[in-house]
Number of protein chains: 2
Amino acid sequence: MDTTARLLAAAERLFDRHGYTATGMDRLTEAAGMSSRTLYKHAGGKAQLMARVLGERDRRFLARLEVRRVDALFAALGDWLRVEGSRGCLFLRARAETGGDAPEIAEAVAAHKEAFRRRVAEVVAADLGREDPELAEQILILFEGAAHAAVYRGPEAAEAARAAAATLLQGARR
Amino acid sequence: MDTTARLLAAAERLFDRHGYTATGMDRLTEAAGMSSRTLYKHAGGKAQLMARVLGERDRRFLARLEVRRVDALFAALGDWLRVEGSRGCLFLRARAETGGDAPEIAEAVAAHKEAFRRRVAEVVAADLGREDPELAEQILILFEGAAHAAVYRGPEAAEAARAAAATLLQGARR
DNA sequence: TGAAGTGTAAAACGAACGTTTTACATTCGG
DNA sequence: CCGAATGTAAAACGTTCGTTTTACACTTCA
């Protein structure tokens, strides 16, 4: 595992579990097992590091959503929640913690959410056999809701959302 | 407007707009127009202050959800989002930022989410004419999803969720 | 009249913040 | 074999953190 990968993995873990602002650079260097000099050479700074973490997470998350059915979308969410834990969307949290300052973070969040929206619309279109922007928006809301309700209702929220999505899809089918 | 109300209003505004950790006590004293001595006498400390902010917000938010129909639930959410802005649920954000430390905050969040869940279940039961825990869970997820999707999709997310909820309710009705 | 209560302004506490720097190893291709 | 490149360890930069303290002014009411 090379330096950059070690750094990004440690940073994602700490930012996700303890928050962006609350995580100091010294904890980061310790967790990543490197000096602060190396860290700054690789990452540039704290906000840039967070932006790269979000970029990696975007790749990893969207890779799981390469499916053809709405059902599979929520199955993938359930898997993710069970593997990664439920602390709410890291992108929205990063945006909220930095309040719109830190442009690199705001951009990473916007890019991810747009890619996510597009993916959901694609899956809905594939499953339904035609485009349906209204339904896609509803499915997106169910997905986002399950991800956040899971924080206090557990990962089973993904299954409840899957059932709701099936009902909506059924209603749209004729 | 007395000292405590001024303090709580300023604290809610700053915590919501810039985050809990990123908001320093000096900004708080300045925004509330009081000395730090007075602030600490009234609030006890930063975490206690956040807990009291959340308590007030819980009251204010749930008061808006005193309705009899699921439709009205999402109308109320739309109003809230348009008035207060969309930065994601302050309770979940506070929980995530403190990562489970700060017991007073964790308790305030848990209490709010349980009260919220109960309220949704009540409204669903009143609208449907009978209890339906599965449907209530789906409506809760739609609500939570609209609140968070609104951050990047705008307050219209509440209307999309309302339409989805109507479909689910219709499906449960016979 | 005087003590208690409530407020302000400002300095100070040690600790932690993000970042840079200094000084010194180690690897490795030309 | 020499000079980049890449790493470490550790101190230091000035700033800000949450909190406490000191010293003083004003009201309220027994």
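Naming convention: chains lettered A, B, ... in sequence-line order (proteins, then strands); numbering from 1 in each chain. All figures in this text were calculated on a predicted structure; none of them were measured in a lab.
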**Fill in**
So salt bridge (charged side-chain N to carboxylate O under 4.0 Å, His left out) across residues 44-62 of chain A, not counting sequence neighbours, yields Glu12(A)-Arg57(A), Glu12(A)-Arg60(A), Glu56(A)-Arg59(A), Arg60(A)-Glu84(A)
**Heavy atoms of other groups near Arg64(B) CZ, more than 12 under 6.0 Å** = yes
**Complete:** Footprint ends on DNA chain D, 5' to 3', for atoms under 4.0 angstrom from a heavy atom of chain B, come out as dC17(D) to dA23(D)
Are any protein N/O atoms closer than 3.5 Å to N/O atoms in nucleotides 12-17 of chain C? If there are, list each pair with its distance.
residue: dC17(C); atom: OP2; partner: Asp26(A); partner atom: OD1; Å: 3.1
residue: dC17(C); atom: OP2; partner: Asp26(A); partner atom: OD2; Å: 2.9

**Prompt:** Which residue pairs satisfy the ring-ring contact (aromatic ring centres under 6.0 Å, His included) criterion with at least one member in residues 78-99 of chain A, sequence neighbours excluded?
**Reply:** Phe61(A)-Trp80(A), Phe91(A)-His112(A)
**Prompt:** How would you list, by chain and number, every residue that makes a salt bridge (Lys or Arg N to Asp or Glu O under 4.0 Å) with Glu156(A), sequence neighbours excluded?
**Reply:** none
Table please: side-chain donor-acceptor pairs of residues 100-108 of chain B below 3.5 Å, with sequence neighbours left out.
none

**Request:** Would you mind checking if Arg119(A) and Glu122(A) are paired as a salt bridge, meaning a charged N to carboxylate O distance below 4.0 Å?
**Result:** yes
**Asked** Taking for each residue the nucleotide of DNA chain C with the nearest heavy atom, is it Gly44(A) or Thr3(B) whose nucleotide lies nearer the 5' end?
**Response** Thr3(B)
**Asked** Nearest-Å distance, CD (Gln48(A)) to P (dG18(C))?
**Response** 15 Å
**Message:** Would you say CZ of Arg82(B) has more than 12 non-hydrogen atoms from neighbouring residues, nucleotides or ligands within 6.0 angstrom?
**Reply:** yes
**Message:** Give me each pair satisfying salt bridge (charged side-chain N to carboxylate O under 4.0 Å, His left out) with a member in residues 70-80 of chain B, each pair once, sequence neighbours excluded.
**Reply:** Asp71(B)-Arg162(B)
**Interface with DNA chain D, restricted to residues 29-41 of chain B and to heavy atoms under 4.0 Å** = Ser36(B), Arg37(B), Tyr40(B)
**Request:** Would you jot down, in residue-number order, the residues of residues 90-100 of chain A having a non-hydrogen atom under 4.0 Å from DNA chain C?
**Result:** none
**Request:** Can you measure from CG (Leu49(A)) to CG (Leu7(A)) and round to the nearest 0.5 angstrom?
**Result:** 5.0 Å
For a quick test of your reading: what N or O donor-acceptor pairs under 3.5 Å do the side chains of residues 133-151 of chain B make, sequence neighbours left out?
residue: Glu137(B); atom: OE1; partner: Arg153(A); partner atom: NE; Å: 3.3
residue: Glu137(B); atom: OE1; partner: Arg153(A); partner atom: NH2; Å: 3.1
residue: Glu137(B); atom: OE2; partner: Arg153(A); partner atom: NE; Å: 3.0
residue: Glu144(B); atom: OE1; partner: Tyr152(A); partner atom: OH; Å: 2.3
residue: Glu144(B); atom: OE1; partner: Lys113(B); partner atom: NZ; Å: 3.2
residue: Glu144(B); atom: OE2; partner: Lys113(B); partner atom: NZ; Å: 3.3
residue: His148(B); atom: ND1; partner: Glu144(B); partner atom: O; Å: 3.0
residue: His148(B); atom: NE2; partner: Cys89(B); partner atom: N; Å: 3.3

**Prompt:** If you measure from the Lys or Arg side-chain nitrogens to the Asp or Glu carboxylate oxygens, is any gap between Arg118(A) and Glu114(A) under 4.0 Å?
**Reply:** yes
**Message:** The criterion is salt bridge (Lys or Arg N to Asp or Glu O under 4.0 Å); which residues satisfy it with Arg173(B), sequence neighbours excluded?
**Reply:** Asp127(B)
**Prompt:** Can you name the residues that form a side chain to side chain contact (heavy atoms under 4.5 Å, CB included) with Thr167(B), not counting sequence neighbours?
**Reply:** Leu168(A)
